[in-house]
Amino acid sequence: MAHEAQVARYISRKKNILIARADFFPVFGDYQRHSRRWLEEPDGLAFVMMKQGLASAGLHLTCRPRDENAAWTLNLSEPPLNIFITADAGEGKVVGRHFTEQVKTVDHSRLFVQTVRRTGEPHLSSIPVKGFDLLGIFEQYYEQSEQATARFFELGSDEFMMLMALPEVDDPWLKAISKEESLRLLDDPEVQLIETRPVIFGCTCNRERIVGVLRAMFQGKEDELFCGKPETEARCPRCGRAYSISCADLV
């Protein structure tokens, strides 16, 4: 059973911003349990960045249309590391994993982004980014890809906050605001609570989907996949969960 983080969304008409805030402890706990079972538990830099990425994606999705899906792949040049995060606004799900092996790099760090809505074509972009702080990298993403200003803050422990610009915002003020000043915004009695939306750690993968992908790729070429064995293990590229697939499944 997934555990929910409750993201509270506010609007400040005086400052022309949206505010999203949540304690992501339930999401981080489920992420750690999932990683222990299916992957290896991240530590050090990867763990910090995964927490920041899942929180940033969770705040982001609550401010997006409910039929939108987004995926971010951060390719760090040094140390070689890929951080993958995806968010489903309709289902309120975030999921991700990190990769440390066979990571291809160039001379700078890059963020690859794909967004898609139910009735539209996927939008793909790639931007150069700096630093290791994924909160700051999400701010760079907003500035370069969304053409808007957003600020992300870690408030302490597992609590995070996002400030997103609305039209006519004082942009220099928003770019310069500190964490302490952002916290005081909610003391203004004119700031209104819009809604509270649940966010969970969860993938949309299932056995049928994995089989469908493999069937499209290997039907008629089963030997390439199974190498003479009756079964093989296939992992979801998004969350790393393993599925046992037999040759008969692809018929």
message: Under the side-chain hydrogen bond (donor to acceptor under 3.5 Å, both in side chains) definition, can you give me all pairs with a residue in residues 92-107, not counting sequence neighbours?
response: E91-K93
query: Counting only N and O atoms by type, is there a donor-acceptor contact under 3.5 Å from the side chain of T86 to the main-chain atoms of A70?
result: yes
- prompt: Of all residues at least two apart in sequence or in a different chain, which pass the side-chain hydrogen bond (donor to acceptor under 3.5 Å, both in side chains) check with Y141?
  reply: E146
message: Using only atom types and a distance under 3.5 Å, with no angle test, would you say the side chain of R151 pairs donor to acceptor with the backbone of I177?
response: yes
query: If Ile, Leu, Val, Met, Phe, Trp and Tyr residues are connected whenever their side-chain heavy atoms lie under 4.5 Å apart, and connections chain through other members, are L193 and V191 in the same group?
result: yes
- prompt: Can you list the steps and then say if E143 with K175 is a side-chain contact (heavy atoms from CB on, under 4.5 Å)?
  reply: CA-CA 11 Å; E143 184 173 6; K175 288 179 177 178; 3.9 Å; yes
query: Any side-chain heavy-atom pair from I17 and L185 closer than 4.5 angstrom?
result: yes
- prompt: Which residues satisfy the salt bridge (Lys or Arg N to Asp or Glu O under 4.0 Å) test with R197, sequence neighbours excluded?
  reply: E195
- request: Spell out, as yes or no, whether a donor-acceptor pair under 3.5 Å connects the side chain of Q52 to the backbone of L134.
  value: yes
- prompt: How far apart are the closest heavy atoms of C239 and V95, and which atoms are they?
  reply: CB-CG2, 3.7 Å
Atom pair CG/OG of L74 and S109 - distance to nearest 0.5 Å: 6.5 Å
- prompt: Could you give the distance from CZ (R66) to CG (L61), rounded to the nearest 0.5 Å?
  reply: 9.5 Å
- request: With sequence neighbours excluded, tell me which residues meet ring-ring contact (aromatic ring centres under 6.0 Å, His included) with F138.
  value: W72, F152
Heavy-atom side-chain contact between L183 and E180 under 4.5 Å: no
task: Using the test side-chain hydrogen bond (donor to acceptor under 3.5 Å, both in side chains), find all partners of Y142 that sit at least two apart in sequence or belong to another chain.
output: H60
message: Testing the 3.5 Å rule here: is there a donor-acceptor pair between the side chains of S246 and E231?
response: no
task: Taking all non-hydrogen atoms of both residues into account, name the closest pair between V27 and V199 and its distance.
output: CG2-O, 3.6 Å
task: Search all heavy atoms of I137 against all heavy atoms of G131 and return the closest pair with its distance.
output: CD1-O, 3.7 Å
field: Euclidean distance, R13 CZ relative to E168 CD, rounded to 0.5 Å
entry: 12.5 Å
task: Taking side-chain contact (heavy atoms from CB on, under 4.5 Å) as the test, write out the residues that go with Q144, two or more places apart.
output: I127, P128, Q140
- prompt: Any chain of hydrophobic side-chain contacts (each under 4.5 Å) joining V113 to V94?
  reply: yes
task: Find the distance between OG1 (T149) and CG (D171) and round it off to the nearest 0.5 Å.
output: 3.5 Å
- request: Check the pair Y10 / L18 against side-chain contact (heavy atoms from CB on, under 4.5 Å), numbers first and verdict last.
  value: CA-CA 6 Å; Y10 305 84; L18 290 175; over 6 Å; no
Modelled atom types, side-chain donor and acceptor of S35 and Q32, under 3.5 Å: no
message: With a 4.5 Å cut-off on side-chain heavy atoms, are L54 and Y31 touching?
response: yes
message: I'd like to check the side-chain hydrogen bond (donor to acceptor under 3.5 Å, both in side chains) partners of R235; sequence neighbours left out, ordered by chain and number.
response: none
field: Side-chain touch R9/C63, heavy atoms, less than 4.5 angstrom
entry: yes
statement: Shortest non-hydrogen pair, S56 vs L135, comes out as OG-CD2, 3.2 Å
- request: Can you measure from CG (L76) to NE2 (H108) and round to the nearest 0.5 angstrom?
  value: 11.5 Å
message: Any side-chain to backbone donor/acceptor pair from R207 onto S244? Under 3.5 Å, distance only.
response: yes
message: Once salt bridge (Lys or Arg N to Asp or Glu O under 4.0 Å) is applied, do any residues pair with R209, and if so which ones, sequence neighbours excluded?
response: none
For D188, all residues meeting side-chain hydrogen bond (donor to acceptor under 3.5 Å, both in side chains), sequence neighbours excluded: K14
- prompt: Considering residues at least two apart in sequence or located in another chain, which fulfil the salt bridge (Lys or Arg N to Asp or Glu O under 4.0 Å) criterion with R33?
  reply: D30
- request: Group every Ile, Leu, Val, Met, Phe, Trp and Tyr by side-chain heavy-atom contacts under 4.5 Å, then state whether L111 and F99 land in the same group.
  value: no
- request: Kindly check if the number of other-residue, nucleotide or ligand heavy atoms within 6.0 Å of CD (E121) is above 12?
  value: no
task: Quick one: closest heavy-atom pair of L81 and V103, and the distance?
output: N-CG1, 3.7 Å
query: In terms of hydrophobic clustering (I, L, V, M, F, W, Y; side-chain heavy atoms under 4.5 Å; direct or indirect links), are I245 and F218 co-clustered?
result: yes
- prompt: Are F112 and V129 joined in one hydrophobic group, where the rule is that I, L, V, M, F, W and Y side chains link up if heavy atoms are under 4.5 Å apart?
  reply: no
- request: State the CD1-CD1 distance between I19 and I194, to the nearest 0.5 angstrom.
  value: 9.0 Å
message: What I'd like to find out is whether the side chain of P122 reaches to under 4.5 Å of the side chain of Q114, using heavy atoms alone.
response: yes
Quiz: residues 155-166 side-chain donor-acceptor pairs under 3.5 angstrom, not counting sequence neighbours:
residue: D158; atom: OD1; partner: K51; partner atom: NZ; Å: 3.1
residue: E159; atom: OE2; partner: R21; partner atom: NE; Å: 2.6
residue: E159; atom: OE2; partner: R21; partner atom: NH2; Å: 3.1

message: Pairing donors with acceptors under 3.5 angstrom, does anything connect the side chains of Q192 and E190?
response: no
query: Got a sec, which residues hit salt bridge (Lys or Arg N to Asp or Glu O under 4.0 Å) with D88, two or more places apart in sequence or on another chain?
result: none
- request: Any chance you could lay out the side-chain contact (heavy atoms from CB on, under 4.5 Å) test for T115 and N69, step after step, and finish with the verdict?
  value: CA-CA 6 Å; T115 58; N69 287 270; over 6 Å; no
query: Does F28 reach the side chain of M50, with side-chain heavy atoms less than 4.5 Å apart?
result: no
field: Nearest non-hydrogen partners of A22 and L59, listed with the distance
entry: N-CD2, 4.3 Å
